Amino acid sequence: MFLLSNIFNDPERMNHLVSIAQTSLYPMIEGAIKNTIPLTLITFVLGLILAVLTALARLSSIKIFQIIARVYVSIIRGTPLLVQLFIIFYGLPNLGVTISPFISAIIGFSLSVGAYASEIIRASILSIPKGQWEAGYSIGMTYTQALKRIILPQAARVSIPPLSNTFISLLKDTSLASLILVTELFRKAQEIAAKNYEFLLLYIEAAALYWILCTILSFIQGSIENKLNRYVAK
């Protein structure tokens, strides 16, 4: 409290902080628009595709598919995301495979989302009553047709809330990409703070921008859930 009172009682210091906050706002927003948001969207879409394939593999009657999916999920969930990013960006060059920072981040985050979201999708599919399958078979549908036309649409509605939370968490996790040189929102804050040493101010400003983005996403999530609830019998 003493330090804060000193800052508020020092007009020159206050003006200096306000000036830094104003000048740093645009670069951080630019980092969010150019890298944070695209990285979140791309990795979520790719991760979701991987998640559906992994979930179906886990539910498959083919043993080899089950084993591959289980091993993949176990490895990704059992190791830190930061370590995975470091292996992809800093480790693979030892094998002669050099990947750009942004692509490395896409690969790392997509693998992570795919593993975690696959369990959400698998649980959503298993939550659909077996009678739904039987209804599809009774009208002559094959397994694939019943899955595509009956099961997956219902499972999608069930999985929307947890998948939305995964999307919001992914947005925050993209800050880890700063450690592999992706100039996203947090990386911009680090670069600016390294020049003027106002770490507290700039990190709070970055946190505020993440909070605003997550609040917007939460509002969108609520709107989607309300629309889907119209089709639920009450």
Side-chain angles (χ1 to χ4, degrees), residues 16-52 76 79-93 97-118 120 160 162-224:
H16 175 66
L17 292 176
V18 170
S19 176
I20 291 176
Q22 290 175 338
T23 55
S24 63
L25 185 60
Y26 176 76
M28 282 194 276
I29 292 176
E30 183 182 32
I33 293 173
K34 287 186 175 181
N35 286 308
T36 299
I37 295 175
L39 181 59
T40 303
L41 293 172
I42 293 171
T43 54
F44 186 74
V45 171
L46 294 177
L48 199 56
I49 294 171
L50 184 58
V52 172
I76 297 300
T79 56
L81 176 56
L82 183 58
V83 175
Q84 296 164 17
L85 290 172
F86 271 48
I87 289 173
I88 294 169
F89 183 68
Y90 295 110
L92 290 182
V97 180
T98 302
I99 307 175
S100 68
F102 191 78
I103 299 301
S104 295
I106 288 177
I107 294 172
F109 289 125
S110 296
L111 290 173
S112 179
V113 170
Y116 284 96
S118 69
I120 295 173
I160 286 294
L163 286 178
S164 297
N165 290 332
T166 299
F167 184 67
I168 293 172
S169 295
L170 173 63
L171 174 67
K172 295 180 290 183
D173 287 342
T174 56
S175 60
L176 293 174
S178 64
L179 298 174
I180 59 170
L181 310 181
V182 177
T183 53
E184 43 71 67
L185 192 160
F186 187 61
R187 179 75 179 183
K188 287 288 188 179
Q190 289 178 309
E191 291 175 351
I192 298 170
K195 295 178 182 178
N196 53 44
Y197 301 103
E198 295 294 349
F199 296 98
L200 179 61
L201 170 66
L202 290 163
Y203 290 164
I204 288 176
E205 190 173 1
L209 289 174
Y210 279 113
W211 175 69
I212 291 171
L213 289 172
C214 289
T215 300
I216 294 172
L217 290 178
S218 296
F219 176 78
I220 295 173
Q221 175 188 353
S223 299
I224 293 173

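Just so you know, these numbers come straight off a predicted model, no measurement behind them.
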Open item on the list: On a heavy-atom basis, which atom in Leu170 and which in Thr40 lie closest, and how many Å separate them?
Closed with: CD2-O, 3.4 Å

Open item on the list: For the OG atom of Ser112 and the CG atom of Leu82, what is their distance to the nearest 0.5 Å?
Closed with: 11.5 Å

Open item on the list: Strictly by salt bridge (charged side-chain N to carboxylate O under 4.0 Å, His left out), give each pair with a member in residues 83-93 just once, sequence neighbours left out.
Closed with: none

TODO: Have a look at Ser24 and tell me which of Glu205, Lys188, Lys195, Glu198 forms a side chain to side chain donor-acceptor pair (under 3.5 Å) with it.
DONE: Glu205

Task: Chi angles and distances behind the side-chain contact (heavy atoms from CB on, under 4.5 Å) call for Phe109, Leu81 - done: CA-CA 8 Å; Phe109 289 125; Leu81 176 56; 3.5 Å; yes

Open item on the list: Using 0.5 Å steps for rounding, measure from the CD1 atom of Ile204 to the CG atom of Leu209.
Closed with: 12.5 Å

- [ ] Kindly compute the distance separating CD1 (Ile107) from CZ (Phe102), expressed to the nearest 0.5 Å.
- [x] 11.5 Å

TODO: Could you go through the side-chain contact (heavy atoms from CB on, under 4.5 Å) check for Leu50 and Leu111 one step at a time?
DONE: CA-CA 8 Å; Leu50 184 58; Leu111 290 173; 4.0 Å; yes

Open item on the list: Has Ser175 got a side-chain atom pairing as donor or acceptor with Lys172's backbone, closer than 3.5 angstrom?
Closed with: yes

Open item on the list: Restricting to non-hydrogen atoms, name the atom on Gly108 and the atom on Leu85 that form the minimum distance, rounded to 0.1 Å.
Closed with: CA-CD2, 3.9 Å

Task: Plane angle bin for Phe44 and Phe167 - parallel if under 30°, tilted between 30 and 60°, otherwise perpendicular - done: perpendicular

TODO: Would you check if Ile99 and Phe89 make a side-chain contact, meaning some heavy-atom pair closer than 4.5 Å?
DONE: no

TODO: Could you grab the distance from atom CG of Asn196 to atom CD1 of Ile192, nearest 0.5 Å is fine?
DONE: 7.5 Å

- [ ] Over all heavy atoms of both residues, which pair between Leu185 and Met28 is shortest? Give the atoms and the distance, please.
- [x] CG-O, 3.7 Å

Task: Minimal non-hydrogen separation, Ala177 against Leu39, with atom names - done: CB-CD2, 4.0 Å

Open item on the list: So, using side chain to side chain contact (heavy atoms under 4.5 Å, CB included) as the criterion, who are the partners of Val83 when residues are at least two apart?
Closed with: Pro80, Ile87

Open item on the list: In terms of relative ring orientation, are Tyr197 and Phe199 parallel, tilted or perpendicular, with 30° and 60° separating the classes?
Closed with: perpendicular

Task: Validation row: Thr183, Glu191 side chains within 4.5 angstrom (heavy atoms) - done: yes

- [ ] Considering non-hydrogen atoms only, spot the tightest contact between Pro93 and Thr98 and give its length.
- [x] CB-OG1, 4.1 Å

TODO: Report the distance from atom OG of Ser100 to atom CD1 of Ile106, rounding to the nearest 0.5 Å.
DONE: 7.5 Å

Task: Chi angles and distances behind the side-chain contact (heavy atoms from CB on, under 4.5 Å) call for Ile168, Gln221 - done: CA-CA 10 Å; Ile168 293 172; Gln221 175 188 353; 3.6 Å; yes

Open item on the list: Testing the basics here: between Ser110 and Thr43, what is the closest heavy-atom pair and its distance to 0.1 Å?
Closed with: OG-CA, 3.5 Å

